[in-house]
Each structure stands twice: as C-alpha cells, then as structure tokens.
Amino acid sequence: MKILVTGATGLVGSALLPRLRRQGHEVLSLTRRSDAGPGTVIWDPERGSFDASACAGCDAVVHLAGENVAGGRWTDARMERIRSSRVDGTRLLIEGLDRAGIRPRIWVGASAIGAYGDRGDEVLDEDSARGTGYLADVCRAWEAASDPVLAWGARRVLLRIGVVLDRREGALAKMLLPFRLGLGGRIGDGRQFWAWITTRDLVRIIERALTDDGLSGVVNAVGPNPADNRTFTKALGSALGRPTLFPLPAFVARAALGRMAEPLLLSSTRVVPKRLLEAGFAFEDPDLVAALTRLVRGEDG
Ligand SMILES: NC(=O)c1ccc[n+]([C@@H]2O[C@H](COP(=O)([O-])OP(=O)(O)OC[C@H]3O[C@@H](n4cnc5c(N)ncnc54)[C@H](OP(=O)(O)O)[C@@H]3O)[C@@H](O)[C@H]2O)c1
C-alpha cells in the first residue's frame, strides 16, 4: 500500500515507519518540518496550508499528528493548541485530500482513552459511554472531525490509545530517573487505573488496523491488563530493583503540574481492548512486570 502518515516524527510514528517500510509499503510522511528529506510532504496546519497533490495514489492514512499533551503546563493557549492541532488539523488534512480528488480507502486515526474521562474502577470497553471533561471533549471533536472520510466509503478505525510505555519518551521515560534514584512512589492514593500499551504492540495494532478489513470504528489500543497506580509503581520498582517509598501526594502533583495533573496523572481510566481480543490480536506485552523489565533493560519499543 501507499500510506500517508502524519505525526510520523513522533514517538509512535518513528517506530511505525521503519516497520511499514520493512513490510514493503510505500510510506509518505506529512510533517511541519522544513528540513524533511525524501518521502516527506510538508504542511503547516497552524497556517491552514496543505498541498495534497504529492499524496496522489495513497491507499491509506495513519493520522497521528497533534500537539504533545504532556509537553508543557496547560495554559489556555496550550490547551487551545492541543485541541486545534487535532480538530482543525484533521479537517485540513481531509479537505486538502478531498480537494485534490484523493480519497484513501483506509483511515486509521489516533484518539485517546481520555475519551472515557475519569471513571474509577469501571471496566471500559468500546461500547462504554464517553466521559466528560476537557480531554473527553477534545477526543469527541477529534474523532468527529474525520467523519467526512465515511462519505468517501473509507474504512475508518479510531484508535483510543492508552498510556504508551517506551523508554525513550513519554510517561515511562519521565518516571525512570526518579524511580532509578529510589525516589519513586505512588501518585495520589494510587487507586487510579492506567490503561497502558507498549510501543511495539501499538505499532502492531496500527498495522493490523491497516490490513484487517474486519476492523472498523472505535478500537481501544490498550493492553489487556490495565493496572492501578499502586500496582504500576510496584511493578516499575521491581523491574528496576529499587524501593518505591516516596508517594507523590495529589496536592503536590496539582501544585507542580497545574491543570494537567488531574487528567494525566490522577484520573482513572480502566480501559480494556475488547475489539482487539475479539479479533484474536495477540499482545506481545500483555504483562506489566515483564513489559517494564524488558523496557528498562533498554530493549526498544
Ligand atoms: N504517547 C502516548 O502516550 C499517547 C497516548 C494516547 C494518545 N496518543 C496520541 O497518539 C498520537 C501519536 O502520539 P505520539 O506519542 O507519537 O505523539 P508525539 O510524539 O507528541 O508526536 C506527534 C507528532 O505530531 C506532530 N505535531 C506536534 N505538534 C503539532 C501541532 N501543533 N500541529 C500539528 N502537528 C503537530 C509532530 O510531527 P512533525 O513535527 O513532524 O509535524 C509530532 O512528531 C498523538 O495524537 C497522541 O495524542 C499518544
């Protein structure tokens, strides 16, 4: 297939591209970076500029682009960038392709488990109701922004991605230093669930979404064993062989991180991958301790 990937320079995209190319797909990367080399197309979503002519012949789109949600304190301006980079960016991409007469038959769009909001112990699958709050609202608008591809007759998969565990970047990478120093501990009361996924399983899920005609609609891209923060903390401590005696009280997290503390660290989202399991997807990293042990040893993805 010829596949257009947005956000290809990010954590997930940089692991996805080599795998897709190894499998013989032709991959075009859509980026804002002007220093991009061959196989890339430039766009400027903030200015609303996207010339789709170089994307002719694309069979599929993997749309990952969006302002990093954990990339800095949530000022009003940053929250607006998080929203508009996803919602307006998706519209720009689809309108640009449509104007150029390019209507890929497969659309794989990133979304996030933030769509479910803060739900305590409730086990959430793809049939569960959406949640409320800022991230849930962003996810709703982000998912809806790709509705026009349905009019093309495209098969659309919306991946509600969980916390991506990777030693290079993201949540785990940020936790490694304090935990290695023996300064790690649970966050808040530690009862909040995190639905996690390793990069290598997420990349396999994206590939499956591209190639399995039976998959469409919302698909939770999370591992089968979401863990509460106490369990996660113990698992990371044991993977590193370090004690985890220093809890981070919720009020300290709120003071240090402001508005992002609640949705990113303290809220509970116990999401399970019902559709993937029904489809017979076999996770390479179903077990948290084994996955963390593998990752902290420096194995990629
Ligand atoms: N990582 C996670 O834990 C996680 C969890 C749930 C959902 N997700 C979602 O999955 C997708 C991929 O995640 P990721 O971790 O790979 O993200 P990432 O590392 O932050 O990369 C996203 C890419 O999007 C592009 N981008 C950044 N800011 C942008 C903006 N303002 N406008 C347009 N494009 C922008 C960048 O590519 P260029 O610089 O090349 O343009 C960047 O490399 C994201 O949409 C994310 O929200 C991730």
Side-chain angles (χ1 to χ4, degrees), residues 4-17 19 27-37 39-50 61-72 74 77-93 96 108-116 134-136 138-143 145-146 157-175 194-203 205-206 209 218-223 226 232 260 263-265 267 269 271 273 291 295 301:
L4 178 68
V5 182
T6 77
T9 56
L11 173 64
V12 179
S14 61
L16 176 69
L17 253 61
R19 186 171 167 110
V27 183
L28 269 183
S29 155
L30 186 62
T31 180
R32 297 163 307 159
R33 301 182 190 188
S34 51
D35 57 348
T40 56
V41 180
I42 315 277
W43 70 332
D44 186 347
E46 260 173 66
R47 294 220 167 92
S49 140
F50 170 45
V61 175
V62 178
H63 181 35
L64 302 171
E67 181 78 23
N68 193 301
V69 170
W74 280 13
R78 187 165 188 84
M79 289 168 81
E80 174 50 20
R81 270 208 309 283
I82 289 170
R83 191 203 64 79
S84 71
S85 63
R86 289 176 168 74
V87 179
D88 304 336
T90 303
R91 284 193 198 122
L92 178 71
L93 178 59
V108 179
S111 179
I113 56 168
Y116 297 107
Y134 166 74
L135 280 185
V138 168
C139 289
R140 177 184 294 110
W142 187 14
E143 292 177 2
S146 67
V157 180
L158 293 169
L159 296 175
R160 291 192 180 151
I161 300 172
V163 178
V164 179
L165 298 185
D166 191 295
R167 70 186 172 86
R168 300 166 300 160
E169 277 175 59
L172 176 64
K174 289 194 172 81
M175 294 168 81
W194 289 0
W196 57 274
I197 181 82
T198 58
T199 311
R200 73 172 180 180
D201 271 337
L202 179 54
V203 163
I205 291 168
I206 294 173
V218 170
V219 172
N220 291 335
V222 296
F232 190 93
M260 62 200 278
L264 297 191
L265 292 180
S267 70
T269 323
V271 183
L295 290 170

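Numbering of ligands and ligand atoms starts at 1, following listing order. Small disclaimer: the values here were computed from a predicted structure and weren't measured.
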State whether the side chain of Ser111 and the backbone N or O of Leu159 hold a donor-acceptor pair below 3.5 Å, judged by distance alone. no
Side chain of Arg32, backbone of Gly7: donor and acceptor closer than 3.5 Å? no
Has the side chain of Tyr134 got a donor or acceptor atom that lies under 3.5 Å from a matching backbone atom of Met79? yes
Nitrogen or oxygen contacts under 3.5 Å, ligand 1 side and protein side:
from	atom 1	to	atom 2	distance (Å)
ligand 1	3 (O)	Val164	N	3.0
ligand 1	16 (O)	Leu11	N	3.1
ligand 1	16 (O)	Val12	N	2.8
ligand 1	19 (O)	Leu11	N	2.9
ligand 1	20 (O)	Asn68	ND2	3.0
ligand 1	24 (O)	Gly66	N	3.2
ligand 1	28 (N)	Arg32	NH1	3.4
ligand 1	31 (N)	Glu67	OE1	2.8
ligand 1	37 (O)	Thr9	OG1	3.0
ligand 1	39 (O)	Arg32	NH2	2.8
ligand 1	39 (O)	Arg33	NE	3.1
ligand 1	39 (O)	Arg33	NH2	3.4
ligand 1	40 (O)	Thr9	OG1	2.6
ligand 1	40 (O)	Thr31	OG1	2.5
ligand 1	41 (O)	Arg32	N	3.0
ligand 1	41 (O)	Arg32	NE	2.9
ligand 1	43 (O)	Thr9	OG1	2.8
ligand 1	43 (O)	Gly10	N	3.1
ligand 1	45 (O)	Leu64	O	2.8
ligand 1	47 (O)	Arg86	NH2	2.7

Is the distance from the ring center of Phe232 to that of Trp196 below 6.0 Å? no
Value for NE2 (His63) from CG (Leu158), rounded to nearest 0.5 Å, stands at 10.5 Å
Going by an N to O cut-off under 4.0 Å, is there a salt bridge joining Asp166 and Arg200? no
